2 protein chains.
Amino acid sequence: MNATADRILDAGQELIQTGGFSAMSFQDIASEVGIRKPSIIHHFPTKAELGVAIIRRYRDTFAAQLQQISEDPAKSSWDALEFYFSPYLFLASTPDKVCLCGALAGEIPVLPEVMRVEVKQFIEAHQRWLEEILREGVERGELMLIDSSKSLSRVIFNSLQGSLLVRRSTEDVSQLKEIINAMRKLVKSESSIQQIR
Amino acid sequence: MNATADRILDAGQELIQTGGFSAMSFQDIASEVGIRKPSIIHHFPTKAELGVAIIRRYRDTFAAQLQQISEDPAKSSWDALEFYFSPYLFLASTPDKVCLCGALAGEIPVLPEVMRVEVKQFIEAHQRWLEEILREGVERGELMLIDSSKSLSRVIFNSLQGSLLVRRSTEDVSQLKEIINAMRKLVKSESSIQQIR
DNA sequence: GACAAACTACCTACCGTTCGGTAGTTTTTA
DNA sequence: TAAAAACTACCGAACGGTAGGTAGTTTGTC
């Protein structure tokens with residue numbers, strides 16, 4: 001729609017993912033986009049409303065991609081899981097950047113109320129979806145879980161968020177990829193289980 | 001040593017664990033301790049130095065407790081692991097509060113350089129220690145790992161950090177305890193393995 | 001009396017936000 | 001169809017508030 005508004009959202013999201021919402025300022029965004037501070041307020045009246053807009057755009061984009069995968073009959077539960085990992089694998093190549101939801105979750109107590117609600121809904125949706133992939137995978141006999149789908153979905157989600165957080169503090173750049181490999185081991189496909197037997 | 005200095009560190013740590021370093025202010029600490037803002041600066045000249053002092057105290061206390069456990073010949077690797085979990089189990093009863101290292105890791109890019117160094121060293125030490133518990137447990141034949149000690153230590157550490165982060169956004173208050181239970185399943189003691197066989 | 005600890009008062013820098021205003025485009029209306 | 005009205009995008013200047021930090025002074029204690 002509006003090019004400027006989108007560029008503001010882009011710059012804002014980038015800043016949240018690298019430094020957090022508190023550290024993100026209108027001035028930073030203005031410098032990045034190439035406009036003046038009050039012009040941002042013209043598009044997004046308050047910082048809280050800008051934050052909400054960033055979350056909603058992210059969530060809607062993600063939800064649309066999920067929908068596309070789940071509606072494709074050619075895709076297995078394993079494919080869906082790999083798709084779930086893909087954003088994190090992408091983040092693996094951009095050091096010092098975390099998932100948007102993880103960055104915001106870390107600031108929940110100091111976030112404006114409207115944003116808190118938005119973050120909670122997003123994270124809950126994120127967890128529910130992963131649980132559903134696992135549950136359906138077991139039901140179809142495509143996945144072999146080491147634990148219950150609910151428990152394992154929590155472990156995987158938390159591990160991914162945690163590793164994005166922690167890797168910024170370690171020199172070990174491949175840690176995120178290793179974690180994803182470890183997560184794959186916790187969710188074995190039937191074929192690889194048969195190989196082990 | 002000094003009562004006031006310790007109370008400043010206490011209040012500061014509490015504020016970092018709930019809202020992060022950026023959101024922690026001298027004014028907040030002063031109000032909490034019951035003194036004026038410049039009095040804090042009398043004890044800790046800059047915010048960065050205060051941050052470093054908080055991290056160092058936390059790390060030293062933790063390291064001392066670790067030492068105590070590892071030197072006790074009566075304690076098994078399983079006991080050591082349970083001790084490793086204990087701070088997280090304690091945090092489970094204090095909602096909206098995360099581990100100090102997790103809170104700071106989330107702000108790495110906007111932290112003063114002196115603090116970044118401190119945080120990195122702390123987290124690396126934390127990971128190394130967990131890996132050592134697991135490695136030694138396998139060596140002694142006390143633990144049965146589902147993956148390599150290095151890989152599994154990363155999964156566990158990241159899961160713990162991640163779940164502290166994420167739980168603030170979910171109504172599910174027992175999630176942290178469930179995660180720790182799931183982690184226990186990934187590290188089975190020999191006796192429980194034999195029960196399964 | 002010496003020294004640390006706490007104070008009052010103040011500084012600069014930056015925050016989100018508001019205000020008043022300027023172009024240029026679109027819509028309404030006679 | 002042409003003038004009037006409204007709207008969009010942006011701007012400079014300034015607001016109240018708060019941040020971290022400084023200078024100088026008083027208070028309490030050995």
Side-chain angles (χ1 to χ4, degrees), chain A residues 1-16 18-55 57 103-104 106-116 118-119, chain B residues 1-55 103-104 106-116 118-119:
Chain A
M1 204 215 299
N2 190 314
T4 306
D6 273 337
R7 278 161 63 216
I8 291 170
L9 293 173
D10 288 341
Q13 184 179 323
E14 180 89 17
L15 285 166
I16 292 175
T18 50
F21 182 76
S22 298
M24 175 197 84
S25 75
F26 282 167
Q27 191 54 65
D28 292 336
I29 298 174
S31 302
E32 182 64 33
V33 175
I35 55 176
R36 303 292 165 184
K37 199 169 61 165
S39 304
I40 297 170
I41 287 137
H42 169 74
H43 292 279
F44 305 97
T46 66
K47 197 185 178 186
E49 286 183 61
L50 173 58
V52 168
I54 290 171
I55 299 168
R57 188 184 67 155
L104 293 167
E107 298 182 278
I108 282 276
V110 294
L111 249 36
E113 180 58 27
V114 278
M115 286 186 67
R116 261 204 295 266
E118 215 70 30
V119 173
Chain B
M1 204 214 297
N2 189 315
T4 306
D6 273 336
R7 278 162 62 218
I8 290 168
L9 292 173
D10 288 341
Q13 185 179 322
E14 180 87 18
L15 285 166
I16 291 175
Q17 287 188 260
T18 50
F21 182 75
S22 299
M24 175 197 85
S25 75
F26 283 162
Q27 191 53 63
D28 292 336
I29 298 174
S31 303
E32 182 64 34
V33 175
I35 55 175
R36 304 289 169 185
K37 196 173 67 168
S39 304
I40 296 171
I41 291 150
H42 170 74
H43 291 279
F44 305 97
T46 65
K47 197 185 178 187
E49 285 183 62
L50 172 58
V52 167
I54 290 171
I55 300 169
L104 292 168
E107 298 181 278
I108 282 275
V110 293
L111 249 38
E113 181 58 25
V114 277
M115 286 186 67
R116 261 205 294 267
E118 217 70 30
V119 173

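No experiment lies behind these values; they were computed from the predicted model shown. By convention in this document, chain letters (A, B, ...) are assigned in the order of the sequence lines, proteins followed by strands, and residues within each chain are numbered from 1.
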Just to confirm, is there a sub-4.0 Å distance from OP1 or OP2 of [N] to any side-chain nitrogen or oxygen of [X]?
X: H42(A); N: dA9(D); result: yes
X: T4(A); N: dC10(D); result: yes
X: H43(B); N: dA4(C); result: no

Enter the distance from M115(B):CE to L104(B):CG here, rounded to the nearest 0.5 Å.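 M115(B) CE to L104(B) CG: 5.0 Å, rounded to 0.5 Å.
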
Rounded to the nearest 0.5 Å, how far apart are CD1 of I55(B) and CD1 of I16(B)?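 It is 7.0 Å, given to the nearest 0.5 Å.
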
List every contact pair, protein side and nucleotides 24-30 of chain D side both N or O, where the distance is under 3.5 Å.
none

Please work out if S39(B) contacts a base, only the sugar-phosphate, or nothing of the nucleic acid, heavy-atom cut-off 4.0 Å.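 Counting heavy atoms under 4.0 Å across all strands, the contact made by S39(B) includes a base.
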
Applying side chain to side chain donor-acceptor pair (under 3.5 Å), can you list everything that pairs with Q13(B), at least two apart in sequence or on another chain?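 Partners of Q13(B) by the side chain to side chain donor-acceptor pair (under 3.5 Å) criterion, ordered by chain and then number, come out as Q17(B), R57(B).
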
Going by the rule side chain to side chain donor-acceptor pair (under 3.5 Å), which residues pair with S39(B) if we only count those two or more places apart in sequence or in a different chain?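 Expected list: none.
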
Whole angstrom is fine here: how far is it from [atom1] in [X] over to [atom2] in [N]?
X: L15(A); N: dC15(C); atom1: CG; atom2: P; value: 12 Å
X: L50(B); N: dG21(D); atom1: CG; atom2: C1'; value: 14 Å
X: F44(A); N: dT8(D); atom1: CZ; atom2: C1'; value: 14 Å

Which pairs with one or both residues in residues 33-45 of chain A pass salt bridge (Lys or Arg N to Asp or Glu O under 4.0 Å), sequence neighbours excluded?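 Not a single pair qualifies under salt bridge (Lys or Arg N to Asp or Glu O under 4.0 Å).
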
Just grab all the salt bridge (Lys or Arg N to Asp or Glu O under 4.0 Å) pairs involving residues 106-116 of chain A, residues at least two apart or on different chains.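 Those involving residues 106-116 of chain A are E113(A)-R116(A).
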
What heavy-atom pair brings [X] and [Y] nearest, and what distance separates the two atoms?
X: F26(A); Y: F44(A); value: CZ-O, 4.5 Å
X: G12(B); Y: I29(B); value: CA-CD1, 3.9 Å
X: A11(A); Y: V33(A); value: CB-CG2, 4.1 Å

Stretch residues 27-36 of chain B: residues that reach within less than 4.0 Å of DNA chain D through a heavy atom: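 The stretch gives Q27(B) as the residues lying under 4.0 Å from the strand, ordered by number.
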
Taking only residues two or more places apart in sequence, or in another chain, which ones meet D28(A) in a salt bridge (charged side-chain N to carboxylate O under 4.0 Å, His left out)?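 Here no residue qualifies.
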
Taking only residues two or more places apart in sequence or in another chain, which ones pass salt bridge (charged side-chain N to carboxylate O under 4.0 Å, His left out) with E118(B)?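 Here the qualifying residues are R56(B), R59(B).
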
Is there any protein nitrogen or oxygen under 3.5 Å from a nitrogen or oxygen in nucleotides 17-22 of chain C, and what are the pairs?
| unit_1 | atom_1 | unit_2 | atom_2 | d |
| --- | --- | --- | --- | --- |
| dT17(C) | OP2 | K47(A) | N | 2.7 |
| dT17(C) | O4 | K37(A) | NZ | 3.4 |

Determine all donor-acceptor pairs shorter than 3.5 Å in which one atom belongs to a side chain in residues 45-53 of chain B; sequence neighbours excluded.
| unit_1 | atom_1 | unit_2 | atom_2 | d |
| --- | --- | --- | --- | --- |
| T46(B) | OG1 | E49(B) | N | 3.1 |
| K47(B) | NZ | F21(B) | O | 3.0 |
| K47(B) | NZ | M24(B) | O | 2.8 |

Five pairs at each end of the helix from dG1(C)-dC30(D) to dA30(C)-dT1(D): take the axis at both ends and give me the angle between them to 10°.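 End-to-end axis angle: 30°.
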
How would you list, by chain and number, every residue that makes a side-chain contact (heavy atoms from CB on, under 4.5 Å) with A30(A), sequence neighbours excluded?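 Applying side-chain contact (heavy atoms from CB on, under 4.5 Å) to A30(A) gives Q27(A), I40(A).
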
